Every structure is written in C-alpha cells, then in structure tokens.
Amino acid sequence: MTAVEPPLALLAELTHRCPLQCPYCSNPLEMDRAATELDTAAWQRVFDEAAKLGVLHVHFSGGEPAVRRDLEMLVARCAGLGLYTNLITSAVLIDRARMQALAKAGLNHVQISVQGSDPANADRIGGYAGGHARKIEVAGFVREAGLPLTLNAVMHRQNLGELGEVIGLAVQLGARRLEVAHVQYYGWALKNRAALMPTRAQLERATATVEAARARLKGTLVIDYVVPDYYARRPKACMGGWGRRFLNVSPNGSVLPCHAASTLPGMTFENVKERSLKDIWYGSEAFERFRGTGWMPEPCRSCDQREIDWGGCRCQAFALTGALEAVDPACEFAEGHAALVASAEDESAGPAPALIYRRIGTALV
Ligand code: FES
C-alpha cells in the first residue's frame, strides 16, 4: 500500500448562495443555508491548517464566492501563507473596485464561467438577465488588474453549436486558458440530463472544433477539454483519485473528497469545527473509503488502468447503479456501460424538456 501524500489543492466552497441558477450546477440538491456558513475566523483557520498540511493551491468557489463580503480578507490570509489563490466566479457581482481590491489582497488568478457566446441564450441558461454582458465587462477588469484569466465554458446540447464563437470570445477577452467542459451528470445536471445531453454527432463536431482551434491558437490559448463520460470508453480519474490530490470544504465546514460526496449515503463527513484538516485527511473513514485500489471490485482491481483512472467517479457510479462500490458505468468493461450509452443516445435524440433551474426548493420537482 502506497503512503498517503498531502493534498495539492483545497476547494473552498465559501457559500452555496449564487445569483445564477445554472441547471447543471455542481452543488448538491440540498444546499447549505447562509446561516450555517463558516465565519471569517473559521475559514482563516482552515487556510492556516491547509498550508501546514502541505496544500499549495486554494480555489475559492461556491455558489458565488463574491457573495461573501470577507472574500478579500480570506484571499489576503492565503496570500500571507504563500498559497496560490484562484477565484472561480460567475463574475456578475464584481465591479472594477472589487477586482482591484482582490488583486491587492494577493489574488493570483481568476476563472470566469460563461454559459455560451450568444447573450440571450447564455442568460436563459444561467437564469440571470444581463449576466453575459456583465461577465464580458468583468473579464476586462481582470485583465486591467493584471491578473491571468481562464474562461470556463460548460457545454451541452443547448449551447454546443456556439463552441467556435466561445473559443473566439476567449481570445477576444485575452484569456490564457479556456476550459471546455461537457456537463458531468450528477446533482442538478442529472436532474436535467435529457435537456442537456448532446448527440454523438454534436460531440464529434465539438471535438473536431477543439482540435482545430488547439492547432490554430498554439501559443495564444490553451484549451482544456473534458468529454462527457457517457460517450467515453474509460472513466475519468475523478478529482485525480479519491483522497489523493484534493479536498473540498463545504460552506458549513464539512470536509469532502469531492464536491458531490454528500450525495453518497451512509458516509459521514467530518467537519473542520470538530477536527483538524490534517486529522481528517489522514485519518477519517470517509477519505480512506475509496482511497487507492484496495476497495475496487473486479474488473477494476486487476485492470492495468487502475492507477490511472482510480476507479472513475464514485458519485456517478452510485447515482447510476445505486451501489457505492460499483464499477463506474462510464467504463466500457462495466456491466451497465452499453445501457448507459444507449440512454444517452435516446435522450439526446428526443426533444429537450424544460430546464429545472438551481433554486432552493426546485430539486424536488
Ligand atoms: Fe464525487 Fe466524482 S464527483 S467522486
């Protein structure tokens, strides 16, 4: 058994509050209320413990992290600890002065999410009127503040036709990196799967568009490309492997191996209010549960890819099979793989149902 290494990065989900209502949000269906959020001092202690533990990167996320008025203070604490800080934001709540203040506090990098390139469609998908135009403006503030910018574009059947323009937008805004991420289906996205699943032909066109743009824009823009699991032959190494590289602290202080882990039944996730990050990382049952390869069923256990994909995504495997240890159906060797691909093809061929927006209360619709 290999020794457990310290985590590389911490995802700080400061809040689940967000002005946007994206129907593929990675937050759980049951979101934490504002009253349960960790306060400034508790977050600062988390960052102190993270730095001691060996974490190098802190990603501020949410919900929308800019909802928190103490964001600058939290960035400053991380900067003082020598941690690299990245703000993952919808951007709509940030003005020029706030971006300058964040840069002054020591922020290193900004990732702005876009819902497409067509303003009307993007605003419809995000459920926020005027949001797209605001993002374009804030991207300018990021560059003015001298910070590197990444654009995050979550793609699906309702915006995939805009991919070429999204790539053009990233170049126009001076982004150094574009993350083209097809929707991953758990949480809100799973509820909206039939409305979001692309056809295989759409996916193939998108892949060709990305490959051509990568060649054309070499040296100008780096494009990361995440394919939809349902059309893949092998699963992704979700989070780089459970409990190997990342930890996630939720708004109320629960420490999770991934952003969707709270969907897994029968598991207890410890809280920074009760135990140190170090003890949780090295000693909690939840982090141990799917760490390494010892927990794997066959055929994963004897697969030569087991230390590449680390058994795929536990949250997806559970969502699709109802079993925590199941082989991720995204794998071509999983029993349910053919059915999964068939369901994706069926859903993408039918008419898209109405979107269920991410709002407290709509998860039960
Ligand atoms: Fe939880 Fe993939 S999202 S393991």
Side-chain angles (χ1 to χ4, degrees), residues 4 7-13 16 22-32 59 61-63 88 113 152 154 156 179 181-193 196 224 226-251 254-270 280-281 284-297 300 303 305-331 334 336-337 340 344 358 363:
V4 178
L8 185 68
L10 181 145
L11 185 79
E13 287 187 335
H16 281 157
C22 302
Y24 46 72
C25 181
S26 63
N27 287 163
L29 299 177
E30 285 295 323
M31 291 181 278
D32 293 348
H59 301 280
S61 173
I88 303 171
S113 60
N152 288 350
V154 178
H156 44 82
E179 190 171 313
H182 284 274
V183 168
Q184 304 290 311
Y185 295 99
Y186 21 70
W188 291 92
L190 188 58
K191 279 197 98 53
N192 282 294
R193 196 172 74 178
L196 299 171
D224 294 330
V226 180
V227 298
D229 280 351
Y230 288 36
Y231 289 128
R233 291 177 53 210
R234 293 298 177 92
K236 62 179 179 290
C238 197
M239 308 304 289
W242 182 276
R244 286 192 73 245
R245 294 269 177 269
F246 296 98
L247 44 77
N248 207 73
V249 180
S250 76
S254 281
V255 186
L256 309 168
C258 68
H259 49 269
S262 60
T263 61
L264 302 176
M267 296 194 60
T268 307
F269 297 103
E270 297 187 69
I280 295 174
W281 177 257
S284 78
E285 240 177 80
F287 274 82
E288 274 305 308
R289 180 80 188 266
F290 301 115
R291 195 174 247 156
T293 55
W295 62 272
M296 289 181 180
C300 305
C303 176
Q305 304 282 305
R306 67 185 177 280
E307 291 194 2
I308 293 173
D309 62 41
W310 299 101
C313 175
R314 284 305 88 210
C315 301
Q316 174 161 274
F318 171 74
L320 295 174
T321 69
L324 288 173
E325 271 96 1
V327 178
D328 185 340
C331 179
H337 181 71
L340 182 78
R358 170 208 191 272

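Whatever order the structure lists ligands and atoms in, that order sets their numbers, starting from 1. All values derive from a computational prediction rather than experimental measurement. The chain is numbered in sequence order, starting from 1.
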- Message: Is the positively charged end of Arg306 above the ring of Trp295, judged by distance under 6.0 angstrom from the centroid and angle within 45° of the axis?
- Response: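 Because its charged atom misses either the 6.0 Å distance or the 45° angle limit, Arg306 does not stack over Trp295.
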- Task: Return yes when at least one N/O/S atom of Cys238 is nearer than 2.8 Å to atom 2 (Fe) of ligand 1, and no when none is.
- Result: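 So Cys238 counts as coordinating atom 2 (Fe) of ligand 1, yes.
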- Query: After noting the C-alpha distance and the side-chain angles of His259 and Tyr186, does the key distance pass the side-chain contact (heavy atoms from CB on, under 4.5 Å) rule?
  - Reply: CA-CA 10 Å; His259 49 269; Tyr186 21 70; 3.6 Å; yes
- Checking only N/O/S atoms, does Cys315 have one that is under 2.8 Å from atom 1 (Fe) of ligand 1?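 Coordinating: yes.
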- N, O or S of Cys313 under 2.8 Å from atom 1 (Fe) of ligand 1: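 Coordinating: no.
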- Item | Non-hydrogen atoms of Pro297 and Val327 that approach each other most closely |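 Minimum heavy-atom contact is CG-CG2, 3.9 Å.
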- Message: Taking only non-hydrogen atoms of Met239, do any sit less than 4.0 angstrom from ligand 1?
- Response: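 No heavy atom of Met239 comes that close to ligand 1.
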- Report the C-alpha distance between His182 and Tyr230 in whole Å, list the side-chain angles of each, state the deciding distance to 0.1 Å, and finish with yes or no for side-chain contact (heavy atoms from CB on, under 4.5 Å). CA-CA 10 Å; His182 284 274; Tyr230 288 36; over 6 Å; no
- Nearest protein heavy atom with distance in Å, relative to atom 4 (S) of ligand 1: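 Here the closest protein heavy atom is Arg314 N, 3.4 Å.
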- Message: If the cut-off is 4.0 Å to any non-hydrogen atom of Tyr186, which atoms of ligand 1 fall inside it?
- Response: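 It comes down to these atoms of ligand 1: 3 (S).
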- Picking from Phe290, Phe287, Trp310, what satisfies ring-ring contact (aromatic ring centres under 6.0 Å, His included) with Trp242?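 Answer after filtering Phe290, Phe287, Trp310: Phe290.
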